[in-house]
Amino acid sequence: MSRTSRRTHRCGELRVQHVGQRVRLGGWVHRRRDLGGIVFVDLRDRAGIVQVAVGPAAPEDVRRTAGGLTGETVVEVEGEVVARPGNMKNPELATGDVEVHPSKLTVVGLAVTPAIPVARAKGEELPSEELRLKHRHLDLRRPEMQANLVLRHRLLQRARRTLTELEFLEIETPILTKPTPEGARDYLVPSRVHPGEFYALPQSPQIYKQLLMVAGLDRYFQIARCFRDEDLRNDRQPEFTQIDLEASFVGPEDVLGFVEAVLVALWDEAGQQVAGPFPRITWREAMERYGTDKPDLRYELAITDWTTQVGPLGVPFFDAALKNGARVRGLAVKGGGGTLSRKDVDQLAETAKQLGGSGLAWVKRQGEQISGSVGKYFTADTLGALGIGDGDAALIAAGPDRVTSPVLDRVRQEVIRRLGAQPTATHAFAWVVDFPLFEPDPETGKPVFAHHPFTAPHPDDLPLGRKSPFEMRALHYDVVYNGNELGSGSIRITDRQVQYWVFHQLGLSDDEIAKRFGFLIDGLNSGAPPHGGFAIGFDRVVMLLAGAASLRDVIAFPKTTAARALFEGAPAPAHPADLRALHIKVEP
RNA sequence: GGGGCUGUAGCUCAGCUGGUUAGAGUGCCGGUCUGUCACACCGGAGGUCGCGGGUUCGAGCCCCGUCAGCCCCGCCA
């Protein structure tokens, strides 16, 4: 199927079976080796690289053209596929058993010297990320980048197939939509027809997919582009892709089952065998044992509460922190007494400080010797009570959980990295369940929703609502893989009374509810089936399965951390005439 | 919004305690070469040391500011 009117094969497809055939190829000059009497041209296309050998027997014009080829020029070649003699085979090349002896060679797309190299020497560093983004068409020629995009394509198709087989319907929802009252900042699009009014790009198709359930479509999915105007990270882009799904007449088990089916299929597509059901961990346990709601469960190392054991020892570092009913928690690092150097520990303490904590205390036990920043307060017995044996180390943080959890999470990850700890599993999927429904606003202490305001409260916790809303759990689920959050979802509120109760808890008046969420309330009033759904962060999945270091390596045209597109130069100033038409004045 | 790292030849990097003419590899240009595959060998060109200001007899190096890229915190219902 690679045949077109201008070629018979792709370069990288040629094998021994093609020997003797006349072929026509098109591709880019990857490298050229001119030995004088014979010129070798490595010709590259999407499928790979094949060697074209232009020897003394080749026609004069072919030899002349071959002698003058520059890198990255596009040529078309016609010639015979020839088996290479044994000692001239190249086992590092998929096409290495053959080469092409051309009778015609035509330059069809002359290239100037590329700004960044496509063909790199072994071990040569990549060009800077800035240049790779600026000259993206060249960066994307690299086989590694093409492999990432090929994988991305296959994963997309597999997701579509899997959900289609589960009787989900792929339905598109608007890109020009309504600004969201809460949540992330919206990207706004001014309306020309309605002065002073704006569309927003969707942060997710959340409300649309719920309305599709109200409409009776039963099962929906979409490979949905989402937009959030927030600051970027290595694993966060301002526009990103979700595998978004929603289903009717479902409970939590159904939703989790659908998501497991999709993820197992995606991992299978990438050649990784995994199986559901994924283990579950409560949010509370995840925070307690790992200090994060997305724990990397490939490693057993876990946080322990040492408050009762350490409290009576009179350590000033801890006593200062313990005044406000806080806790002492830490990590018992088996063998850490020997393997964690003083430098390691100091750097871990520095990391802890940067996260806003008071720092990290540590104790090492090596034979009779007990050392460390708080070592003099401990004996072998007191350490033994913490599970610190001979040759072990304890890394200890004290304070309120909101400080110690992120610190110990980070320290745990660093310890695992520095010790080169052996994982107990290659693929550690897990569901994080029983998230809180509300969380306190850090400034006012009033309830704000932990997810979105349509997440159903856990039915068992409804009686709690009146007196202790923060104790209420939500029917909300995160799927976590090797310390990465892959997605989240929930059962939605379909009871009008519950929905109003939640909005009231958040401090919204009936007027505000009607104004902001009127169309959803209308939906709930018009016969809403029980429904729930999920969204999988697709870019992140591709990144992990491709083994890529950054989201930018699995997106064809990504943005920089300053949300700029270096290739096309977006954003850019608008023409004054366009601004006038949009009724917009820009203040400098 | 805050913190950190980086910015020197087309590309990747070195550049000592501030010292005279800023280097290497690769790419590029020219030449030799009939079995290379990172071809080899010979020769050559190539620099706004991100930008602006300051300190100094003298700045790639020190100071201040600024821009860009990357990483982190805040933020991301």
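This one's a predicted model, so the numbers in the text were calculated from it and none came from an experiment. We use all heavy atoms of the structure for the numbers below, so side chains are in, but hydrogens, waters and symmetry mates are not.
Nucleotides B:C64 and B:G43, compared at atom C1', are 46 Å apart to the nearest Å. For the P atom pair drawn from B:A45 and B:U8, the interatomic distance equals 23 Å after rounding to whole Å. Comparing the C1' positions of B:U6 and B:G60 gives an interatomic distance of 15 Å, to the nearest angstrom. Here, B:G30 and B:C72 have their P atoms 46 Å apart, quoted to the whole Å. The separation of B:G65 from B:C5, taken at their P atoms, amounts to 14 Å, rounded to a whole angstrom. B:U20 and B:G27 have their P atoms separated by 31 Å, given to the nearest Å. Annotation: B:C16 and B:G23 have their C1' atoms spaced 14 Å apart (nearest Å). Here the separation of B:G7 from B:G47, taken at their C1' atoms, is 15 Å to the nearest Å.
Contact check on A:K89 versus A:E99 returns no salt bridge, with no Lys/Arg side-chain nitrogen under 4.0 Å from an Asp/Glu carboxylate oxygen.
With RNA chain B read from its 5' end, the first of the two nearest nucleotides for A:T113 and A:R552 is the one closest to A:T113. Annotation: of the two residues near RNA chain B, A:A563 and A:G36, the 5′-most nearest-nucleotide partner is A:G36.
Residue-level contact check: A:D34 touches the bases, meaning some heavy atom is under 4.0 Å from a base atom. Note on A:S204: a base of the nucleic acid sits closer than 4.0 angstrom, heavy atoms only. Note on A:N90: a base of the nucleic acid sits closer than 4.0 angstrom, heavy atoms only. Here A:Q51 lies in heavy-atom contact (under 4.0 Å) with a base. Among the heavy atoms of the strands lying under 4.0 Å from A:L566 are primed sugar atoms or P, OP1, OP2 only; no base atom is included. Within 4.0 Å of A:E99, counting heavy atoms only, lies at least one base atom of the nucleic acid. Nucleic acid contact for A:Q203: none, since no nucleic acid atom lies under 4.0 Å from a heavy atom of the residue. If you check every strand for non-hydrogen atoms under 4.0 Å, A:A53 touches nothing. A:K89 comes within 4.0 angstrom of a base, heavy atoms only.
Nearest to the side chain of A:P56, among B:U34, B:C29, B:C70, sits B:U34. Comparing atom distances between the A:T560 side chain and each of B:A38, B:C70, B:G74 picks out B:C70 as nearest. Taking the side chain of A:L35 as heavy atoms from C-beta on, and the options B:C76, B:C13, B:C33, the nearest nucleotide is B:C33. Ranking B:C76, B:G69, B:C11 by closeness to the A:A562 side chain, first place goes to B:G69. For A:E124, the side-chain atoms get nearest to B:U26 when compared with the rest of B:C76, B:C70, B:U26.
Between the side chains of A:R492 and A:T494, no donor-acceptor pair of N or O atoms lies under 3.5 Å. In this model, no donor atom of one side chain and acceptor atom of the other lie less than 3.5 Å apart for A:Y220 and A:T173. Checking A:D409 against A:Q413 by side-chain atom types alone, a donor-acceptor pair falls below 3.5 Å.
In this structure, A:R185 places its CZ atom 8 Å from P of B:C76, rounding to the nearest Å. What separates CZ of A:F40 from P of B:U36 is a distance of 7 Å, to the nearest Å. Residue A:L232 contributes atom CG, which lies 11 Å from atom P of B:G69 at whole-angstrom precision. Rounded to whole Å, the distance from NZ on A:K294 to P on B:C76 is 14 Å. Atom CD in A:E230 sits roughly 10 Å away from atom C1' in B:G74 (whole-Å rounding). For A:L131 and B:C70, the CG to C1' distance is 13 Å, given to the nearest whole Å. For the pair A:R132 CZ and B:U12 P, the computed distance is 11 Å after rounding to whole Å. Atom CZ in A:R33 sits roughly 19 Å away from atom C1' in B:U32 (whole-Å rounding).
A perpendicular orientation is assigned to the rings of A:H18 and A:H9, their planes being inclined by more than 60° (bins at 30° and 60°). Relative ring orientation between A:Y500 and A:F503 is described as perpendicular, the plane-to-plane angle rising above 60° on a 0-90° scale split at 30° and 60°.
Dashed line: the shortest gap from a side-chain N or O of A:S128 to OP1 or OP2 of B:U12 is under 4.0 Å. Note on A:T561: every side-chain N or O is 4.0 Å or more away from OP1 and OP2 of B:G69.
Side-chain to base pairing of A:R31 with B:U36: no donor and acceptor N or O lie closer than 3.5 Å to each other. Side-chain N/O atoms of A:R236 and base N/O atoms of B:C75 include a donor-acceptor pair closer than 3.5 Å. For A:R84 against B:C37, a side-chain N or O and a base N or O form a donor-acceptor pair under 3.5 Å. Between the side chain of A:R228 and the base of B:C76, no donor-acceptor pair of N or O atoms lies under 3.5 Å. Contact annotation: side chain of A:D231 to base of B:G74, donor-acceptor pair present below 3.5 Å.
The partner of B:C5 is B:G69, by the rule that a Watson-Crick or G-U pair needs both atom distances under 3.5 Å. Pairing for B:G25 goes to B:C11, judged as Watson-Crick or G-U wobble with the two contacts each under 3.5 Å. Base pairing of B:C41: its partner is B:G31, meeting the Watson-Crick or G-U wobble criterion (both donor-acceptor distances under 3.5 Å). Of all nucleotides present, none satisfies the Watson-Crick or G-U wobble test against B:A59 with each distance under 3.5 Å.
Residues passing the side-chain hydrogen bond (donor to acceptor under 3.5 Å, both in side chains) test with A:R136 are A:D139, sequence neighbours excluded.
Shown are A:Q206, A:K209, A:R225, A:Q222; of these, the side-chain hydrogen bond (donor to acceptor under 3.5 Å, both in side chains) with A:D244 is made only by A:K209.
Counting heavy atoms from C-beta on, the side chains of A:E485 and A:R540 come closer than 4.5 Å.
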